[in-house]
Each structure stands twice: as C-alpha cells, then as structure tokens.
J.: 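The following block contains the structure, expressed as structure tokens.
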There are 2 protein chains.
Amino acid sequence: MSEIICTVDIVLLTLKEECLHVALLRREHEPFKGVLALPGGYIHAEEDADTHAAAVRTLQAKTGIASPYLEQLATFSGPGRDPRGWSISISYYALVPENLIGEAGHPHVELLPVERLKGLPFDHLQIVEAAVSRVRNKSSYSSLPVYLCGEAFTLPRLQAVYEAVLGEPVNKVSFRRKIDELGILEPIEGALETGKANRPAQLYRLRKEYRDRLSLTDRALNAR
Amino acid sequence: MSEIICTVDIVLLTLKEECLHVALLRREHEPFKGVLALPGGYIHAEEDADTHAAAVRTLQAKTGIASPYLEQLATFSGPGRDPRGWSISISYYALVPENLIGEAGHPHVELLPVERLKGLPFDHLQIVEAAVSRVRNKSSYSSLPVYLCGEAFTLPRLQAVYEAVLGEPVNKVSFRRKIDELGILEPIEGALETGKANRPAQLYRLRKEYRDRLSLTDRALNAR
DNA sequence: GAAATAGTGTCTTTAAGACACTATTAT
DNA sequence: ATAATAGTGTCTTAAAGACACTATTTC
C-alpha cells in the first residue's frame, strides 16, 4: 500500500532588487544531485507533529531560516514527478525580507528571480509558479507583502513592495486608506527614516497581534 | 520511513432545502465502523495518476457520483487524526446539484446540513468546515455556485442559490450585471420556465467552454 | 532657496446598491 | 382584472483613483 514517498517542499520567496526571488539549494543526493531545487525533504513521522511542522523543520535545517509566515500551498503528486517512485509533495510557501536570508540563511542558499526560471528538477517549476500566483493573488486583497519587509518600514517602501509583487502601480491615496482601515500597522513613535534629501518618512511596524506568528488564519489579516 | 498512511477524503456538497449539505457514508470497516464519515480511501499508487485521480475514483466508488467540479482543498496530517497511525489526508471538495445525488448516487449516501454537524470521526469536521469556508469565500467573487444548479436554471434560481451559499441577500441588479459581465452563461433559446402564476423566467446554461470539465483553473471562471 | 519625496485634502470616476417601473404569465 | 414574479432603467451611495497642494528634509 504505502510505497508512496511523502515529502514537503518549501517555496521561500523574498524581494531582491524589486523582484520576487525564490531560494534554491543544490541537491546533495541523487536524484538530481548537484542541481538547484526547492528546499524539501521527507516527512519524519517519528518527530513531526504534522506536515506544517515538517516544513518548519525542513526549512530550518536546509536554509537556516525560520519564517514568520509559512502557509500550505497545495499537494502535488503522481508516479512521474520523482524518479524514485509514486510521490507526494505537500508544498508550503514562505515570505521573508531579503536581509534575513543574508543574516540567518546558510551561505549556499541561492536566490533566483522567479521569472524565467528554468531547468528545475521534479515539478518544482510548477510549484514555484503556483506559489507566485498565490502570493500575487492574495496580495491584491490582503496585507501579505508586509512579510517581505523587515521589522520597521515606511509606507512608501511598503507601497513599492506591493507594486513589485503585483507588477503594477498602486494609487498612493487608496493604498494608504486601505492600510489604515486594515488597522494592522502602528507608527513607531518618533522613528523617522532620515538621510535622504527630502521629508523623512514615518517608520511603521506590524501591530503586536500580528507579529511572531508561524502561521496566520486567512481572516486575521484580510480586509474582507 | 513510510509508515505514513496516505488517503484522500472528499467533501461532496449540495444544496438541499436551501441549505448546504454534505454527503456522508457509514464506515464499513474499523476504525469508526458504522459511523458517518466523509467518503475517502487509500491512494492506490498502482492505478492512480495523481491524488486528483484518486479522489475521482474514490468518490465514484463510494457514492456513485462523478462531479464536474472537483478541486483540491488542503492536506491534513498528523499522528493523531487516524488511530491507525501517522496519516495524511489530501482533501477535495465537490459541488453537485441535489438531483444528481438522487439519480446517480448510491442509496446509502446521507445528506446532512453542514451547520451543526457533530460527532464526525477523524478530523472530518475540520475538513468540512474548511470546505464550506472555501466555498463561501470563493462564491463571493466567482461563479462557483452554478455547479449547485442543474443543467438549466433561471437567474432568479441562481440568485437564490448564491444567497443560500453566502447566507445573505444579494442585490438583484448588481447580481445580474455581474453574471452578465462574467460571460459564462447563455440563454437557452426559447426555453422559459413556465407553470407559475407569473411572468416566466428565461432558462440559462453554462456556456460550452465551461461545461463538462472535471477541474477548472481558477482563472477560467473568475471575474478578477 | 531648490530639489526631492512624504503626507493629505478634494474632485472625478466607477462600481454597488436601492427603488421603482414595465412585462408576462396563471387564475 | 389581479396577483405574482421576471426583467430593466435610473437615481443614490460608496469605493477607488487622479490631481494638486502642503510639509519637511538635504544640499
């Protein structure tokens, strides 16, 4: 019955040079040894509380990253996707600010732009595309992109992040209205982003209720 | 490694007496023998092309139903959800008109209202809730509820179906504008629903492009 | 002061909803 | 004709976007 191979794969996304990038690693073992692929691995029934825990463990082990936002994407399956046999991959996606990868990430993590990816093993290209599509779609009506920013950020910066993710310009007034009525951000008292030859911008952070969660319910952060 | 139990479960939903109902079956074997539960079963690596195929096969075998709309919901997992051991359930949801269950469905299929369900085995209650939540959410911006209607239906009927699913009244003018601009329905030439003591309503059907698909991409049917 | 971007007030445009009116059937 | 619901035209309200103006910094 169970010659089924059970794995998790994680699409770790970040914004680098204003473009979505995905974290890839060279595979240490066959199949596809030496090829860039998504971080992933077997579910460990002995130690994992569920597949989400397996994804957290795998992401930490392979990349060194603990992502505050990690959500299940979909399950991919079939006899052909893995040459070892009939397999299941429960895929997750995570969003982190780029500097986190630089600071906590293992040095061999490679960031590739999600556009024009090619030659990924297994069905990893399809998984990445599904993740990007989910993130784009969800960003259009939620506060997802805040997880691509660091702890503190300005509204102009957050707007630029939205625009990079959505791939289109965003109306400034509407954007600020929306963010305001979402009620998820708070200004950091007295903290301004100075240094540039213009009026300094107020720094904001996620309100406490929304920080430091490994996973968030849809309703918690969405407008509607 | 793989003492992991791999199954699919299907949340088959229909509209009965203007309320969402889920199809349940009494389990034939332990665990929970004789208890009402979601139709589900093991993935057969020898014959299933993927988990979607496993869901189609399982739904057909257990209930006799072939649902035009069948979509992956999420994957549930862990050591405790099935007393037999660490298990994975890749869950799917399907929408069918009630008469299809009466005509093609096995006689032992039971329809229970999704509100106030209790005593479902495994984590099936959680799975049903996730499915209902997904359907409600998706119905608010897509044409999903047409799959709860039969082949031909009137716009007032479709509106009532939307209202039943969403649990709130829908503005008639806006509703018709939206359906019109979705462009997924076509009037059935000369077919009116007569018999009632009022002006007869035009009958509509899904346009050919949207009929008879086992699964539809999100983009195919959604407005935005 | 000039240049640059932050932040806001307000008008315009567009979408959603309310309301009312006409249309067509059975009785 | 009356009752009942289908179907549509149009006004109102609310949300989204455009535009312009003020604010605050560096040089």
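Residue numbers start from 1 in every chain, and the chains themselves are labelled A, B, ... in the order their sequence lines are given, proteins ahead of strands.
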J.: Does a nitrogen or oxygen in the side chain of B:Asn171 sit under 4.0 Å from OP1 or OP2 of C:dA18?
T.: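 For C:dA18, OP1 or OP2 has a side-chain N or O of B:Asn171 closer than 4.0 Å.
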J.: With a 3.5 Å distance limit and no angle check, can you tell me whether B:Glu110 reaches the backbone of B:Ala23 through a side-chain donor-acceptor pair?
T.: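 Side chain of B:Glu110 to backbone of B:Ala23: no pair is present.
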J.: Consider the side chain of B:Val173, meaning its heavy atoms from C-beta on, and name the nucleotide among C:dA6, C:dC19, D:dA6 that approaches it most closely.
T.: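 Among C:dA6, C:dC19, D:dA6, the one nearest the side chain of B:Val173 is C:dC19.
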J.: Got B:Gln159 and B:Lys172 here, is their nearest side-chain heavy-atom distance under 4.5 Å?
T.: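 The answer is yes; the side chains approach within 4.5 Å.
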J.: Given atom CZ of A:Arg157 and atom C1' of C:dG7, what is their separation to the nearest angstrom?
T.: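 From A:Arg157 CZ to C:dG7 C1': 19 Å.
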J.: Sequence neighbours excluded, which residues qualify as side chain to side chain contact (heavy atoms under 4.5 Å, CB included) partners of B:Asp50?
T.: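 For B:Asp50 the side chain to side chain contact (heavy atoms under 4.5 Å, CB included) partners, ignoring immediate neighbours, are A:Ser77, B:His52, B:Ala53.
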J.: Quick one, A:Val114 and A:His21 - any side-chain contact, counting heavy atoms below 4.5 Å?
T.: no
J.: Tell me: CD of B:Gln202 to C1' of C:dT25, nearest whole Å?
T.: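 Value for this atom pair: 15 Å.
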J.: Rounded off to whole Å, could you give me the CZ-to-P distance for the B:Phe175 and D:dG7 pair?
T.: 11 Å
J.: Would you say A:Lys172 reaches D:dG17's phosphate, i.e. side-chain N/O to OP1/OP2 under 4.0 Å?
T.: no
J.: D:dG17, OP1 or OP2 - any side-chain N/O from A:Ser174 closer than 4.0 Å?
T.: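 Answer yes for this pair, as a side-chain N or O of A:Ser174 is under 4.0 Å from OP1 or OP2.
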J.: Output yes when at least one side-chain N/O atom of A:Arg176 is less than 4.0 Å from OP1 or OP2 of C:dG7, else no.
T.: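 Yes, because at least one side-chain N or O of A:Arg176 sits under 4.0 Å from OP1 or OP2 of C:dG7.
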J.: Round to a whole Å and report the spacing from CD of A:Glu193 to P of C:dA4.
T.: 18 Å
J.: Assess whether one donor atom and one acceptor atom, taken from the side chain of A:Arg177 and the base of D:dA16, lie less than 3.5 Å apart.
T.: yes
J.: Whole Å only: how far is the CD1 atom of B:Ile179 from the P atom of C:dA16?
T.: 13 Å
J.: Separation of A:Glu181 atom CD from D:dA15 atom C1', in whole Å?
T.: 9 Å
J.: B:Leu203 CG to D:dA6 P: how many Å, rounded?
T.: 12 Å
J.: Assess whether a salt bridge exists between B:Glu71 and B:Lys138, defined as any Lys/Arg side-chain N lying under 4.0 Å from an Asp/Glu carboxylate O.
T.: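 Looking at B:Glu71 and B:Lys138, the cut-off is met.
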J.: With nearest nucleotides of DNA chain D determined for A:Pro200 and B:Leu155 from heavy-atom distances, which residue corresponds to the more 5′ nucleotide?
T.: B:Leu155
J.: What contact category does B:Lys196 fall into here, base, sugar-phosphate, or nothing, at under 4.0 angstrom with non-hydrogen atoms?
T.: sugar-phosphate
J.: To the nearest angstrom, how far is A:Asp180 atom CG from C:dG7 atom P?
T.: 13 Å
